[in-house]
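First the structure, in the form of structure tokens, and then the observations on it.
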Amino acid sequence: MNSHKTVLVRASISFPPDLYGTLEEIAKQKKVSLAWVVREASERYAVDETGKSGNGRKRTRHRTGKLTRRSS
């Protein structure tokens, strides 16, 4: 059994109505929560800007657009 726990920080974010609607549609299409979509988008942005994920690990983007964790 894995005893590793993920700690999350709660944030309140305001979006323009059209962007919020788009994010809701993406979540519905992917059958995930709106929070998941926002976290995934934020992590991709952080990787693009810094080369690191939110947990400090380097990540690389494959041709498919998927992110893969790499040991630092």
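Note that the coordinates shown come from a computational prediction; the quantities given were computed from them, not determined experimentally.
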Please name all residues satisfying side chain to side chain contact (heavy atoms under 4.5 Å, CB included) with [X], sequence neighbours left out, ordered by chain then number.
X     : result
Lys30 : Ile26, Val32, Trp36
Phe15 : Ile13, Leu19, Tyr20, Leu23, Val38
Ala35 : Ser33, Arg39

- Query: Could you state the interatomic distance from CG (Asp48) to CD (Glu43), rounded to the nearest 0.5 Å?
  - Reply: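 Asp48 atom CG to Glu43 atom CD measures 11.0 Å (nearest 0.5 Å).
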